[in-house]
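Report on the following structure.
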Amino acid sequence: MASRDQVKASHILIKHQGSRRKASWKDPEGKIIMATTREAAVEQLRSIREDIVCGKANFEDVATRVSDCSSAKRGGDLGPFGRGQMQKPFEEATYALRVGDISDIVDTDSGVHIIKRTA
């Protein structure tokens, strides 16, 4: 469980041409990532977020199928973390959310994310 000064979150990451590491568990050679513009990644995430928010899709199920992060194997669950452990935009967005809320698009060096705060 997260301690008082930590948060817990799950996320869905879509990597793109501008991502610092252009490979993932589902695209080990980075061919899809290199062909994905930031704009296309953002549009894909916006559509996913809308489906989740309106109840057409489940966050964890989508994360398992779509996320470029290895946390996909856990439904996007990153576990508890404190300040200074994640990239600044990700950290700030997560701490700003209430438990159960889903962020808008968050841009980091890793790619674009939507974040669900879970604790």
Side-chain angles (χ1 to χ4, degrees):
M1 205 60 185
S3 73
R4 203 163 150 248
D5 57 340
Q6 291 184 317
V7 294
K8 187 175 177 191
S10 296
H11 76 135
I12 299 170
L13 166 66
I14 306 293
K15 292 187 172 194
H16 54 78
Q17 295 165 342
S19 296
R20 68 175 172 192
R21 186 171 166 271
K22 294 171 182 62
S24 75
W25 69 273
K26 63 180 218 175
D27 185 15
E29 295 177 21
K31 291 180 181 177
I32 295 167
I33 294 166
M34 286 300 297
T36 303
T37 64
R38 181 191 173 282
E39 293 74 23
V42 166
E43 279 309 306
Q44 182 182 0
L45 262 186
R46 283 197 199 288
S47 176
I48 288 168
R49 185 184 187 284
E50 181 60 33
D51 286 349
I52 292 167
V53 169
C54 76
K56 289 183 187 174
N58 174 278
F59 191 100
E60 291 76 15
D61 292 344
V62 174
T64 300
R65 290 191 328 271
V66 174
S67 183
D68 280 311
C69 181
S70 61
S71 69
K73 297 174 185 87
R74 298 180 304 278
D77 184 9
L78 293 168
F81 60 90
R83 294 203 181 270
Q85 292 184 270
M86 299 290 180
Q87 293 177 53
K88 195 70 170 166
F90 191 97
E91 173 188 304
E92 289 174 354
T94 304
Y95 273 86
L97 294 170
R98 291 181 307 231
V99 174
D101 284 352
I102 298 173
S103 72
D104 198 357
I105 305 300
V106 177
D107 216 333
T108 70
D109 291 344
S110 298
V112 290
H113 317 248
I114 55 173
I115 304 163
K116 179 180 179 182
R117 183 162 172 182
T118 56

Rounded at 0.5 Å granularity, tell me how far OG1 in Thr36 sits from CD in Glu43. 13.0 Å

Apply side-chain contact (heavy atoms from CB on, under 4.5 Å) to the pair Gln85 and Glu91, showing each step before the final yes or no. CA-CA 8 Å; Gln85 292 184 270; Glu91 173 188 304; over 6 Å; no

Output for pair (Ser47 OG, Lys56 NZ), nearest 0.5 Å, gives 8.5 Å

How close do Ser67 and Ala72 get, heavy atom to heavy atom, and via which atoms? O-CB, 3.8 Å

Mind checking the OG1-CG spacing from Thr108 to Leu13? Nearest 0.5 Å is all I need. 6.5 Å

Worked verdict on Lys15 versus Asp27 for side-chain contact (heavy atoms from CB on, under 4.5 Å): CA-CA 10 Å; Lys15 292 187 172 194; Asp27 185 15; over 6 Å; no

Between Ala63 and Gly75, what is the shortest heavy-atom contact and its length? CB-O, 3.4 Å

For the student: nearest non-hydrogen atoms of Lys8 and Pro80, plus distance: CG-N, 3.9 Å

Salt bridge (Lys or Arg N to Asp or Glu O under 4.0 Å): pairs with one or both residues in residues 94-110, sequence neighbours excluded: Arg38-Asp107, Arg46-Asp104, Arg98-Asp101

Same hydrophobic cluster for Val99 and Val7, using side-chain heavy-atom links shorter than 4.5 Å among ILVMFWY? no

Considering non-hydrogen atoms only, spot the tightest contact between Ala93 and Val106 and give its length. CB-CG2, 3.6 Å

Going from CZ on Arg74 to CD on Glu60, what distance comes out if it is rounded to the nearest 0.5 angstrom? 13.0 Å

Say whether His113 and Ser103, considering side chains only, have a donor N or O and an acceptor N or O under 3.5 Å apart. no

Main-chain N/O of Ala119 paired with Arg117 side-chain donor or acceptor, under 3.5 Å: yes

CD1 on Ile33 to OG on Ser19, rounded to 0.5 Å: 6.5 Å

Arg20 versus Ser110: any side-chain heavy-atom pair under 4.5 Å? yes

Under a single-linkage rule joining Ile, Leu, Val, Met, Phe, Trp and Tyr whose side-chain heavy atoms are separated by less than 4.5 Å, which residues share a cluster with Ile48? Ile12, Ile14, Val42, Leu45, Ile52, Phe59, Val62, Val66, Ile102, Ile105, Val112, Ile114

Within the distance-only criterion (no hydrogens, no angle test), does the side chain of Trp25 pair as donor or acceptor with the backbone N or O of Ser71 below 3.5 angstrom? no

Any non-hydrogen side-chain atom of His16 less than 4.5 Å from a side-chain atom of Thr37? no

Rounded to the nearest 0.5 Å, what separates atom OG1 in Thr94 from atom CZ in Arg83? 9.5 Å

Do Asp77 and Ser10 touch side chain to side chain, with heavy atoms closer than 4.5 Å? yes

Is the NZ atom of Lys73 crowded by more than 12 outside heavy atoms at less than 6.0 Å? yes

